Enquirer: 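Submitted below is the structure of interest, expressed as structure tokens.
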Amino acid sequence: DGDDGGPGPGAGPEPTAQADPDAPLRPDLSVAFLPKQVNNPYFTVARGGGERATAEFAGTFKEVGPSEASASSQVSYINTLTQQGTDVIAISANDPGAVCGALNSARDAGAVVVTFDSDTRAECRDLFINQATAEDVARTQVELIAGQIGGAGEIAILSATPNATNQNTWIALMEEELARPAYADIEIVAVAYGNDEDEKSFQETQGLLRSHPDLAGIVSPTTVGLAAAARYLSGSEYAGRVALTGLGTPNQLRQFVHDGTVESFALWNPADLGYLAAHAGAALASGRLTGAEGETFTAGDLGEFTVGPDGVIALGPPTVFDAATVDDYDF
Amino acid sequence: MPDPTAAPPPALRLHRVAKSFGAVTAVSDVSLTLHPGRVHALAGENGAGKSTLVRMLAGVHRPDRGTLELDGHPTVLRDPAAARAAGIAVIHQEPTLFPDLSIAENLYLSRQPTGRLGRIDRRALRAATTAQLARLGVTLDPDRPARGLSIADQQLVEIARALSLDARIFVMDEPTAALSGTEAARLAAVVRGLCDRGAAVLFISHRFEEIFGLAHDITVLRDGRHVSTDPADRLTPDTVVRRMVGRDVGALYPKTPTTPGDTVLEVTGLTRHGAFHDISFSVRRGEILALAGLVGAGRSEVVRAVFGVDRYDAGTVTVAGRPLPAGSPAAAMAAGLALVPEDRRQQGLVLQLSVERNTALTRLRRLARHGLLTTRRERADALHWTERLRVRHGGTHTPAGTLSGGNQQKIVLAKWLATEPAVLILDEPTRGIDIGTKAEVHRMMSELAARGLAIVMVSSELPEVLGMADRILVLHEGRATATLPGPGATAETVMAAATGHPGGAA
Amino acid sequence: MTRAHPRELGVLAALLLLIAGTAAANPRFLSAQSVRDLLLSAAILTVLAAGQTVVVLTRNIDLSVGSVLGLAAFGTADLLATHPGTPLPLAALAGITIGALCGALNGALISYGGVPALVITLGTLYVLRGTAHSWAAGRQINAADLPRPFLDLGTATVLGVPLLALLATAVVLAVALWLHSYRSGRELYAIGSEPAAAARAGVPAGRRVRTAFLLSGSLAGLAGVLYAARYGTVDATAGQGMELQVVAAVVVGGVAIFGGSGSVTGAALGALLLTCIGSSLAVLRVDPFWQQAVVGALILAAIGLDRLLTTRLAARAARTAPEVSRAG
Amino acid sequence: MPAEPPSGRGAAVLRRWDSALIATLLLVTLTAALAVDGFATGRNAQFLLLDAVAIGLVALPVTLIVITGEIDLSVASTLGLCSAVMGQLWVSGWPLELVVLTAVALGALLGAVNGLFVTGFGLPALAVTIGTLAAYRGLAFVVLGDRAVADFPRAWTDAVGGTALAGAVPAAMLVTAVAAAGCAVLLHATPLGRSLFAIGNNAEAARFSGIAVARTKFWLFVSCGAVSGLAGVFWTLRYASARADNGQGLELAVVAAVLLGGVSIFGGRGTLAGVCAGVLLLVTLRNALQLADVPADTLDIVTGSLLILSVLAPRALTALRRTPTTRT
Ligand SMILES: Nc1ncnc2c1ncn2[C@@H]1O[C@H](COP(=O)(O)OP(=O)(O)OP(=O)(O)O)[C@@H](O)[C@H]1O
Ligand SMILES: Nc1ncnc2c1ncn2[C@@H]1O[C@H](COP(=O)(O)OP(=O)(O)OP(=O)(O)O)[C@@H](O)[C@H]1O
Ligand SMILES: [Mg+2]
Ligand SMILES: [Mg+2]
């Protein structure tokens, strides 16, 4: 389905001006973060990074957003930001298409738009800050699970909602990765969807174990799913028999890493993601970047980044956490 | 008759109480004294303020002015619980039961016999209920939910509930309105028993034979004001009526003989399992057919099925030669049928809506102009009918629920008379209606019949049946037991058929 | 109420049908661990349904339970995380107290204001959820922040039966006993059956309604504590959207939505049925895109079946009524 | 469900509530215009009115349904399913005119299913529509899965977001306003409207008066479905995105607006002007508070408090005007 986040070829307004890497950063930039949903712990951490970055270039920062993840309420927040004349809008989109009209009005009114975590169609934003390339995420998780189950066995995937775009991209790439000869003995037997709800994730984990008695491992590329599956496994007869890995935050999984339910798992640092998004927005708004492929800029203490094809900047490969390193992080 | 010289102090005294609802003065300056061992009857037209007085004694309304004394002590009844605690048991005019609770719990709610650890003793509860109902000669299953009880059965449960209270003062607001003679007689016996035990009773009825049969004292109210209080033996029905109405009342059953025309309504083999079986009758223009029987005989269910609000399993209904589709009141109305149902509060009226909305409800389309309906038109129409039936109301825009019981009944009559039906079905048309208006209703029925209407009347009042009907169909346990000619029938022949012993009268 | 309970029979039939069907397709659905998981999963919903039943019987409704659960869950977890030394009973009491306060607020607004519960609790649903969010301010409390013994409560078993399930059963039995055998419990039915009659009979309706909401709130608080113990991860969204599930459980369990009839055992069966539907779909590996549609269809089927059984039984009772013999 | 005591002032209080609500709306608008930057601009007014369209449209039939004492919680799911089907048909190459008609017809069909369950089988509407809420949403996922269809023609999406009357009002709002006016006449000045109030207050008496209660309710559910389908079309074109989860959670906002508008949840009372004012008040307040950078938590708290106030205030008004003597 090419109608979601997939960057369309030749889409988007061509950069009109030339980038000037030495342009001074505009003073008093107003930066607004618009997460999928406010009060979501993941985005709270990302906001921390954004706030830190904004303080570095002496802008004003705010976070606004709906209390439940829906595209339509994001639209009304974008409209509000447009009304307020915000300079930088950093958004994690609930729907790649639905927010497009509103974002383009915002850009017409002079704002720059940076997407992070979850992209829109390429023609409605200036830059996308990719937390990790999908290939990296998929490869890391496959490596982790393969190591944990000793390179052979049945595995299952516990995803978020069936319509989560990034989840589905990762799952597809994991399947590709597993098709390589090195993983010939590993087979994905099922994909379950816990809808990012605790109870549903519990039930789906149970269902997986029930319908696949020989299951060797579960990969859950979503923080809620991973935490719920870990909690369920740790208290059930399957503890220690079924391996578990995926994407999760160190704080959520510390307990289960220490009690042996989860050997290792991966994630990027959401704070860095927010930090990078804010800096990229400032660079755009000041004319240091236009979003064209090949441009480079420095994002505070994270160092230098290069704009890739379709205006995508990658944060870097995800970090792997295990018993030795999990206590070094706090998010 | 108890000896008046040895009269103990009054059990209850109301002194110059008054009560208004907005602009409507329901009761003004009424005093009333109830003595232990005496039955005090309250008489008055519909809307005279009787039920309002009752509600004050029940703790439902608080008087605006005036005082209440119990055994000589001034008392304020803040709520129904307080009235009950003070030893006052009330039977309200409109029975209000808990449809989902069993009859036993309806009787003994909050007073259920309890056993160990305060748990309800269900066996004792059932036994007490059976005993209480037996006092009234009623055999209802104590475990049966109250939902679906006929109005009469509801009234009986309401009475049993009040009687089961260990009270010193009993207030009874038209307890017999829905009952037939048998039950009413049994209630009278129970009331006498209560008096003998020293209870004081306030008794309200529109039936004079009951009042004069029971009461020691009679108070007459008019327009919310006290008119007179006298010992019953110094009064006659005529004097009471004159004091109530302020004028003489015409004959109660002014039946004018008519020559019946063509058959309009024909019912053949009507059956509904569990309710009635193989009922057939026909009514001709100008004729009044009465359906008689004991309470619960199934009369109401027959007429409901004919009108289409209830389904039936077999049989046909034909109006003016055309078969009527089952289960459609709208079709019945289009064919010229009208049904004044027995339960005015549930079936007859939308209590929350204004009088004018209620009277218009049967003719919404006819009153509309270009599809639009205005309050002005509804009001003009409602005023016409309320004046014709002499309804006492605080304006046609007031909710129907604020009218007195009898006046509500008149609104139901009005909304159906206004449809100008060819066949008028009346289920207990004069329940709760005062004597003056009753005469009026009867006169109207005669008039309508004379103008060629066919009338089917269900009534539990034998005199009404005998006085008004051209023919009487008697039902017993869902089956027709006799068809009697109106003029020739006597109370005995009807009762014989109603109890299942037609004795060759058919 | 002393007769057989046809309303519960309907749900029970639906439940057995579902279990039999699933077990036929996958026998492991009846394994010890599986049954344990099922009971565990149903426990929280059951506790909520018990409270909701009491409220619905009085012709009211409590839509705020999901938000109350969230607030209590977060409160308890926050307390335990910031004061790790807090004795567990005290922490549980704190959660229940939060719930009780919310319930008392609902009850007071409804009974003193004389206003419809649906509107008030829809309002407090928003208000309490907003409060939980501003309290949590995006924080999440994780398993590592919670004391081990507290987390163990969520998984502990007594003689192989999950502790949480036992607790839920105890709650249901206690409420059932109260509703069935105590005067005040019967008064709840009376209030819901016909408020006007209850007023005339001198039933202290206001007090009873307040009690019902207090109970519902407290049980939602308890459910919040159980939630925190079971899932180990709590943020301000805990229990979001739960209200519709609870109402569905109660209604499926045969409690009349307009009050006056139904039983808490029926509601508990309803909760079990709903949970079972979720588990069955997971075990049967029903296409994820179909799952929600099937849940909806099964809810409809359950209430339909219940209605069918009820009317059948009523019809049979009417036909065998003593007064009138049946037509030949 | 005669839960409301027959009060002589019911209608009058309601009328006063309408005017109070409209006054509040004007006050909020005026205050926001003076105090909130960017509120009093033509563009913001456009945004605001566009935001009100979906809620406002769906609130109309829901108002009628609630006045008859029923409820429809499945409206948002119907919207979602119609949107999903619209997307699916569009990608499979149907002409858009036909797609739109099909979506509306589908909505009517879904409403008919609700109506059949409620009037045909006599099941409580709350229970039925909680079931179809899940079922329809689930079917939306079955139809469109995780896909989003976005490539609707610009001409259509622009038309939906476009303006009429010389750019003064969004065209969609104009349509909604006309529909609202039509509904108001229907409800307050036609035989059908009168019978809706009668049904809501006492369905039995309405049936005894020759009103086809079941048939009326059935058609109300059908039209509610059709309007929800229309709202789905609007939603899809407005956001240029057909998705299975479109409009999720809208049902509570709609019910909140209807109740805020003074419609009694027990049926039989309410005005359409009140509901319109309720919708606009909710949307305006949200818009103004968002512009004032009030966080989402506080928005929820304000919305909830407003709902609670909406029922408590008329009571307080009545209580002030008459001393409590009646307790029927
Ligand atoms: N709640 C109320 N609000 C407004 N008016 C009321 C209310 N209750 C009673 N009234 C008015 O008070 C007057 C007296 O009514 P009441 O019910 O006491 O009459 P009643 O003597 O019992 O008549 P009936 O014989 O018809 O039962 C009537 O005009 C009635 O409309
Ligand atoms: N909806 C119902 N459900 C169950 N039983 C009912 C229902 N309606 C009436 N009954 C019972 O059916 C019997 C016949 O009632 P019906 O009202 O037709 O009697 P009736 O001859 O009109 O007497 P009444 O004087 O009480 O009106 C009664 O025993 C009544 O309790
Ligand atoms: Mg009276
Ligand atoms: Mg009858």
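It should be emphasised that the depicted structure is a prediction, and the values quoted were computed from it without experimental measurement. Below, chains carry the letters A, B, ... as their sequence lines are ordered, and counting in each starts from 1.
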Enquirer: To the nearest 0.5 Å, what is the distance between CD (C/Gln292) and NZ (A/Lys200)?
Expert: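 Result: 9.0 Å between the selected atoms.
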
Enquirer: Which distance, rounded to the nearest 0.5 Å, do you find between the CG of C/Leu281 and the CD of A/Gln203?
Expert: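 So the gap between those two atoms works out to 8.5 Å.
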
Enquirer: Do A/Asp198 and C/Tyr227 touch side chain to side chain, with heavy atoms closer than 4.5 Å?
Expert: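 Counting from C-beta outward, A/Asp198 and C/Tyr227 do come under 4.5 Å.
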
Enquirer: Taking atom CD of A/Glu199 and atom OG of C/Ser41, what is their separation to the nearest 0.5 Å?
Expert: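 Taking CD in A/Glu199 and OG in C/Ser41, the distance rounds to 4.5 Å.
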
Enquirer: Go through the atoms of A/Asp259 and report whether side chain, backbone, both or neither lie under 4.5 Å from a heavy atom of chain C.
Expert: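 Side chain only.
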
Enquirer: Using a cut-off of under 4.5 Å on heavy-atom pairs, state which of A/His212, A/Arg210, A/Arg254 scores highest against chain C.
Expert: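 Option with the top pair count is A/Arg210.
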
Enquirer: Are there residues of residues 121-135 of chain C whose heavy atoms fall under 4.5 Å of chain A's heavy atoms? If so, which?
Expert: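 Checking residues 121-135 of chain C against chain A gives C/His133.
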
Enquirer: Please assess C/Thr237 against A/Gln37 for the test side chain to side chain contact (heavy atoms under 4.5 Å, CB included), listing each intermediate value before the final yes or no.
Expert: CA-CA 11 Å; C/Thr237 58; A/Gln37 173 183 28; 4.3 Å; yes

Enquirer: How about A/Tyr42 and C/Gln140: do any of their side-chain heavy atoms sit closer than 4.5 Å?
Expert: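 The answer is no; the side chains never approach within 4.5 Å.
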
Enquirer: How close do A/Ser211 and C/Ala282 get, heavy atom to heavy atom, and via which atoms?
Expert: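 Looks like OG-O, 4.4 Å.
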
Enquirer: Is any side-chain heavy atom of A/Tyr193 closer than 4.5 Å to a side-chain heavy atom of C/Phe289?
Expert: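 No, too far: nothing below the 4.5 Å cut-off.
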
Enquirer: Taking heavy atoms only and a threshold strictly under 4.5 Å, list by residue number the residues of residues 141-159 of chain C that touch chain A; give 'none' if the list is empty.
Expert: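 Heavy-atom contacts from residues 141-159 of chain C to chain A are C/Asn142, C/Ala143, C/Ala144, C/Arg148, C/Leu151, C/Gly154, C/Thr155.
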
Enquirer: Measure A/Leu208 against the heavy atoms of chain C and call it side chain, backbone, both or neither at under 4.5 Å.
Expert: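 Both the backbone and the side chain of A/Leu208 come within 4.5 Å of chain C.
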
Enquirer: Let me know if A/Val257 has heavy atoms under 4.5 Å from chain C in its side chain, its backbone, both or neither.
Expert: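 Neither part; nothing is under 4.5 Å.
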
Enquirer: Which residues, numbered in order, of residues 240-252 of chain A come under 4.5 angstrom of chain C by heavy-atom distance?
Expert: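 If one takes a 4.5 Å heavy-atom cut-off, the residues of residues 240-252 of chain A near chain C are A/Asn251, A/Gln252.
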
Enquirer: Please list, in residue-number order, every residue in residues 225-233 of chain A that has a heavy atom less than 4.5 Å from any heavy atom of chain C; write 'none' if there are none.
Expert: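 Within residues 225-233 of chain A, the residues that come under 4.5 Å of chain C (heavy atoms only) are A/Ala227, A/Arg231, A/Tyr232.
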
Enquirer: I want to check something: taking the side chain as every heavy atom from C-beta on, are C/Val283 and A/Gln206 in contact at a cut-off of under 4.5 Å?
Expert: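 The answer is no, as the side chains (C-beta and beyond) never meet within the 4.5 Å cut-off.
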
Enquirer: With a 4.5 angstrom heavy-atom cut-off, could you sort out which part of A/Tyr238 is near chain C: side chain, backbone, both or neither?
Expert: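 When you check distances to chain C, only side chain atoms of A/Tyr238 fall under 4.5 Å.
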
Enquirer: Only pairs of heavy atoms separated by less than 4.5 Å count here; which of A/Ser67, A/Ser201, A/Pro213 has the most with chain C?
Expert: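 Most pairs with chain C among the choices: A/Pro213.
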
Enquirer: Tell me which of these, C/Ala25, C/Ser280, C/Gly278, has more heavy-atom pairs under 4.5 Å with chain A than the rest.
Expert: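 Top count of heavy-atom pairs under 4.5 Å with chain A: C/Gly278.
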
Enquirer: Most heavy-atom pairs under 4.5 angstrom with chain A, which of C/Arg139, C/Gln240, C/Gln291?
Expert: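 Ranked by heavy-atom pairs under 4.5 Å with chain A, first place is C/Gln291.
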
